[in-house]
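Here is the structure we will look at.
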Amino acid sequence: NALAVAEELGVDHEVVLYIKNPPDRKALEMIVAGLEDPANLARLAEQWGQLAVETEAEAKALVAVEKAASATEAADQQAKGDAARFSEAITALESVRRQHAAHALAAHLEQGEPCPVCRQTVDRLPAGDDTPPELSDLEEAAEAARLTAEKSESVLGARKQEAAAARSRYEESVKRVKQISDGLAGRPDRDQVARMLEERREVDNKIKASRAGTEAARKQREEAERAL
């Protein structure tokens, strides 16, 4: 009620028992003049509603930030693991290549050209493909590990971008909530505004009823005068 609102706002007030002493039209109009403009109250109600919406959006944005951070951490761990496995595959491949240096050298020989090691002219090339099966398997494994590592790095990059976007949306939401909250600082809260709007409607209805009564009395007086 109005008394509770006044007390909450720390406003000096005087209690008038209008039930015992109903106000006339002039008194009602004076009361209305002292009330908050209904347009202002409507704007306040709209702002409080907007604050509720933005506060909920802020909470959801924070959840999105946390989810994005978790996804980024998981992608980072996956990328690190795949990079380590690729490094291990390369290490294993290089080890076997050193063990089969002759085969690796043969791959670079050209008939009639000097050997890159002894510089003697190569009369003939080794016959057939004598690639060691182990070396071939390791090369395939290293290539597969490389592709997996590159894919993981790509996923990690995407997760980081998503996390940055989520953080940006959250920060913008925080700014909007603060802006609205600052604008409502020192103003009646949402419940108070609702009560004030209801009281304003009640007073307006009483004024309308008073005006209607006055108009009806005027018409009755005119009719009575005409009847004389």
Side-chain angles (χ1 to χ4, degrees), residues 46-185:
E46 182 180 356
Q47 286 178 311
W48 280 112
Q50 184 180 4
L51 180 61
V53 172
E54 291 295 345
T55 300
E56 182 179 358
E58 177 186 347
K60 290 181 178 179
L62 179 58
V63 172
V65 167
E66 294 170 347
K67 288 183 177 180
S70 179
T72 301
E73 177 63 24
D76 183 60
Q77 292 299 321
Q78 182 68 43
K80 288 178 179 177
D82 289 338
R85 284 183 283 275
F86 174 51
S87 179
E88 292 170 358
I90 290 297
T91 299
L93 176 60
E94 292 300 327
S95 176
V96 173
R97 278 176 173 171
R98 285 192 295 271
Q99 296 174 14
H100 298 278
H103 174 267
L105 176 62
H108 299 283
L109 295 178
E110 295 184 16
Q111 191 171 359
E113 296 294 329
C115 171
V117 177
C118 66
R119 309 307 299 172
Q120 293 183 1
T121 301
V122 178
D123 295 327
R124 63 184 182 84
L125 297 175
D129 183 10
D130 57 348
T131 302
E134 181 183 8
L135 181 60
S136 179
D137 292 342
L138 286 174
E139 288 174 342
E140 292 179 2
E143 178 62 11
R146 182 186 68 79
L147 294 175
T148 299
E150 288 181 353
K151 182 178 179 180
S152 294
E153 280 295 327
S154 177
V155 171
L156 175 59
R159 295 294 176 268
K160 286 182 176 179
Q161 290 182 349
E162 292 168 1
R167 170 60 63 177
S168 178
R169 287 191 294 270
Y170 172 68
E171 291 174 351
E172 287 298 320
S173 184
V174 170
K175 289 180 182 178
R176 288 194 297 271
V177 169
K178 184 179 185 305
Q179 182 179 15
I180 298 173
S181 297
D182 289 346
L184 290 170

Quick one: side chains of residues 66-78, donor-acceptor pairs under 3.5 Å with protein atoms, not counting sequence neighbours, listed by atom name and distance.
| residue | atom | partner | partner atom | Å |
| --- | --- | --- | --- | --- |
| Thr72 | OG1 | Ala68 | O | 2.8 |
| Thr72 | OG1 | Arg159 | O | 3.2 |
| Glu73 | OE2 | Gln77 | NE2 | 3.0 |
| Asp76 | OD2 | Lys80 | NZ | 3.2 |
| Gln78 | NE2 | Asp82 | OD1 | 3.2 |
| Gln78 | NE2 | Asp82 | OD2 | 3.1 |

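The two atoms that bring Gln47 and Ile180 nearest to each other are O-CG2, 3.8 Å, heavy atoms only.
Note that CD of Gln50 is 10.0 Å distant from OG1 of Thr55, once rounded to the nearest 0.5 Å. To the nearest 0.5 Å, atom OG of residue Ser136 and atom CG of residue Leu93 are 10.0 Å apart.
The salt bridge (Lys or Arg N to Asp or Glu O under 4.0 Å) check on Lys60 picks up Glu56, with sequence neighbours excluded. Not a single side-chain contact (heavy atoms from CB on, under 4.5 Å) links Gln161 to another residue, sequence neighbours left out. Here Arg146 pairs with Glu143, Glu150 under the side-chain hydrogen bond (donor to acceptor under 3.5 Å, both in side chains) rule; sequence neighbours left out. Scored by the side-chain contact (heavy atoms from CB on, under 4.5 Å) test, Glu153 finds Ala79, Leu156 as partners (sequence neighbours excluded). With sequence neighbours excluded, no residue satisfies side-chain contact (heavy atoms from CB on, under 4.5 Å) with Ala83. The side-chain contact (heavy atoms from CB on, under 4.5 Å) search around Ala89 returns Ala142, Ala145, not counting sequence neighbours.
Here the side chain of Thr148 pairs a donor or acceptor atom with the backbone of Ala144 at under 3.5 angstrom.
Residue pairs meeting the side-chain hydrogen bond (donor to acceptor under 3.5 Å, both in side chains) criterion with at least one member in residues 170-182, sequence neighbours excluded, are Glu54-Arg176, Lys178-Asp182.
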